[in-house]
*Asks:* 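There's a structure below that I have some questions on.
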Amino acid sequence: MRKLLLSALLAGLIARTAYAADIGLSIEVPRLDVAEYHRPYVAIWIENADQSVAADLAVWYDVAKKNNEGTEWLKDMRQWWRRGGRDLSVPIDGVTGATKPAGKHQLSFTDGSAPMPQLAPGSYKLVVEAAREVGGREVVSIPFQWPPTSASQPTASGKQELGEIKLELKP
C-alpha cells in the first residue's frame with residue numbers, strides 16, 4: 001500500500017512538472033517629451049482564445065495616493081477593466097504594485113506559480129495596456145501557444161505609451 005501511494009505521488013509530481021514552463025517579459029515604458037509627464041498605469045494579463053482573462057500578471061498604479069485614491073483611475077485601462085479588472089479587489093499581493101519610471105522592466109513567471117495559474121494547452125495572448133494621466137492609452141498584444149515546444153521571443157511595439165514588449169517563452 002505504501003509503495004502504491006508513493007508511486008502515485010511520484011507520478012503526480014512528474015505529470016505536474018512535465019508541463020511546467022517559464023514566461024519572461026520585458027516591458028519598455030518610453031520617456032515622453034511632454035510638458036506634464038505622468039507615469040502610466042499598466043495592466044498585464046494573459047487572455048484565453050475567447051478573450052476572457054486567464055491570469056492577471058501585473059497591475060501598476062499610483063499606490064502612494066491617500067485613501068487608496070489611485071484605484072479610481074484603474075478604469076482608464078478600459079480593456080483590462082472591462083475584461084475583469086472591475087471585479088478585482090486591489091491591492092493584490094504579487095500582482096499590484098507602483099507605477100514604473102521610463103525604461104525597460106523585467107518580469108518572470110512560472111506556470112502554476114502565483115499569479116500565473118497552470119495554463120491548459122492552447123492559444124493565448126499576452127496583453128499589455130497602458131493609460132497615462134494627461135496622455136493617451138495604448139494596448140499591445142502578442143499571441144502565443146502554450147505550452148511552448150521550443151524557446152522563443154516574440155515581440156511587439158507600442159506607438160506612444162508603450163515601447164517594445166518582449167515575451168520570452170521557455171519550455
Side-chain angles (χ1 to χ4, degrees), residues 15-30 32 39-61 70-71 73-133 135-171:
R16 206 171 116 201
T17 57
Y19 293 109
D22 293 327
I23 287 183
L25 297 175
S26 174
I27 298 173
E28 182 181 17
V29 174
L32 303 176
R39 291 180 179 182
Y41 279 31
V42 176
I44 305 159
W45 72 96
I46 294 175
E47 208 170 72
N48 293 306
D50 67 358
Q51 297 184 332
S52 63
V53 175
D56 284 300
L57 299 179
V59 178
W60 303 336
Y61 68 101
T71 60
W73 307 106
L74 289 172
K75 62 184 167 242
D76 285 353
M77 294 183 290
R78 293 182 204 135
Q79 199 169 105
W80 170 78
W81 183 255
R82 290 177 183 146
R83 300 256 163 87
R86 65 177 149 215
D87 298 328
L88 299 176
S89 178
V90 294
I92 303 167
D93 192 34
V95 174
T96 56
T99 58
K100 307 292 185 218
K104 289 191 177 192
H105 304 280
Q106 308 297 322
L107 301 165
S108 62
F109 306 94
T110 299
D111 188 36
S113 297
M116 189 171 145
Q118 193 160 17
L119 296 174
S123 297
Y124 294 92
K125 265 192 220 173
L126 171 77
V127 185
V128 180
E129 182 172 15
R132 195 170 47 85
E133 184 181 351
R137 187 177 83 57
E138 187 165 39
V139 179
V140 175
S141 64
I142 301 174
F144 66 96
Q145 291 295 313
W146 194 260
T149 55
S150 62
S152 66
Q153 294 184 338
T155 62
S157 289
K159 291 183 172 75
Q160 186 170 353
E161 300 301 329
L162 291 166
E164 182 184 57
I165 309 296
K166 184 188 302 183
L167 174 62
E168 186 176 357
L169 300 166
K170 300 176 194 171

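We're numbering straight along the sequence, starting at 1. All values derive from a computational prediction rather than experimental measurement.
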*Asks:* Please tell me if the side chains of M116 and T110 come closer than 4.5 Å, counting only heavy atoms from C-beta onward.
*Replies:*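 No, too far: nothing below the 4.5 Å cut-off.
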
*Asks:* Do the side chain of Q106 and the main chain of G24 share a donor and acceptor less than 3.5 angstrom apart?
*Replies:*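 Looks like no, no N/O pair under 3.5 Å.
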
*Asks:* Quick test of your reading of the model: are E161 and R137 salt-bridged, counting only N-O distances below 4.0 Å?
*Replies:*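 Salt bridge absent between E161 and R137.
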
*Asks:* Looking only at heavy atoms, what is the nearest atom pair of Q160 and L32, with distance?
*Replies:* O-CD2, 3.5 Å

*Asks:* Between V29 and T99, does the side chain to side chain contact (heavy atoms under 4.5 Å, CB included) criterion hold? Intermediate values first, please.
*Replies:* CA-CA 10 Å; V29 174; T99 58; over 6 Å; no

*Asks:* Nearest 0.5 angstrom please: W60 CH2 to I27 CD1, how far?
*Replies:* 4.5 Å

*Asks:* Measure from the side-chain N and O atoms of D50 to the backbone N and O of S52, and report whether any donor-acceptor pair falls under 3.5 Å.
*Replies:* yes

*Asks:* What are the two closest non-hydrogen atoms of A156 and V140, and how far apart are they?
*Replies:*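 Shortest heavy-atom separation between A156 and V140 comes out as CB-CG1, 3.5 Å.
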
*Asks:* At their closest point, which heavy atom of P115 faces which heavy atom of G94, and how far apart are they?
*Replies:*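 For P115 versus G94, the nearest heavy atoms are CG-O, 4.0 Å.
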
*Asks:* Take V128 and L25, measure what side chain to side chain contact (heavy atoms under 4.5 Å, CB included) needs, and give me the verdict at the end.
*Replies:* CA-CA 11 Å; V128 180; L25 297 175; 6.0 Å; no

*Asks:* Quick one: does D22's side chain get under 4.5 Å of F109's, heavy atoms only?
*Replies:* no

*Asks:* Any chance NZ of K100 has more than 12 other-residue heavy atoms, nucleotides or ligands included, within less than 6.0 Å?
*Replies:*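 Counting other residues, nucleotides and ligands, NZ of K100 exceeds 12 neighbours.
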
*Asks:* Run the side chain to side chain contact (heavy atoms under 4.5 Å, CB included) test on V59 and L74 for me, step by step, so that the C-alpha distance in whole Å, both residues' side-chain angles and the decisive distance to 0.1 Å come before the verdict.
*Replies:* CA-CA 9 Å; V59 178; L74 289 172; 3.8 Å; yes

*Asks:* If you measure from NZ on K125 to CG on L167, what distance do you get to the nearest 0.5 Å?
*Replies:*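 Reported value, rounded in 0.5 Å steps: 13.5 Å.
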
*Asks:* Start with the C-alpha gap between L57 and L107, add the side-chain angles, then the distance that decides, and say whether side chain to side chain contact (heavy atoms under 4.5 Å, CB included) holds.
*Replies:* CA-CA 9 Å; L57 299 179; L107 301 165; over 6 Å; no

*Asks:* Are K75 and R86 side-chain neighbours, meaning at least one heavy-atom pair lies under 4.5 Å?
*Replies:* no

*Asks:* Assess whether atom CG of D93 is packed by more than 12 heavy atoms of other residues, nucleotides or ligands within 6.0 Å.
*Replies:* no

*Asks:* Grab the two heavy atoms, one from P117 and one from A55, that are nearest each other, plus how far apart they are.
*Replies:*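 Taking every non-hydrogen atom into account, CD-CB, 3.3 Å.
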
*Asks:* Ignoring hydrogens and geometry, is there a side-chain-to-backbone donor-acceptor pair from Q79 to V139 under 3.5 Å?
*Replies:* no

*Asks:* Looking only at non-hydrogen atoms, find the nearest pair between A120 and Y124 and report the distance.
*Replies:* O-OH, 2.7 Å

*Asks:* Taking all heavy atoms of A130 and all of P40, pick out the closest pair and write down the distance.
*Replies:*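 Heavy atoms only, the tightest pair is CB-CB, 4.3 Å.
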
*Asks:* Side chain of Q118, backbone of G112: donor and acceptor closer than 3.5 Å?
*Replies:*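 It does not hold such a pair.
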
*Asks:* To the nearest 0.5 angstrom, please state how far the NZ atom of K104 sits from the CD1 atom of I165.
*Replies:* 10.0 Å

*Asks:* Any chance CH2 of W73 has more than 12 other-residue heavy atoms, nucleotides or ligands included, within less than 6.0 Å?
*Replies:*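 Incorrect, the count does not exceed 12.
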
*Asks:* Supply the atom-to-atom distance K170 NZ to S150 OG, rounded to the nearest 0.5 angstrom.
*Replies:* 13.5 Å

*Asks:* Tell me whether E138 contacts the main-chain N or O of K159 through its side chain, where contact means a donor paired with an acceptor under 3.5 Å.
*Replies:*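 Yes.
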
*Asks:* Roughly how far, to the nearest 0.5 Å, is CG of D76 from OH of Y61?
*Replies:* 14.5 Å

*Asks:* Which value, rounded to the nearest 0.5 Å, describes the distance between E129 atom CD and Y41 atom OH?
*Replies:* 13.5 Å

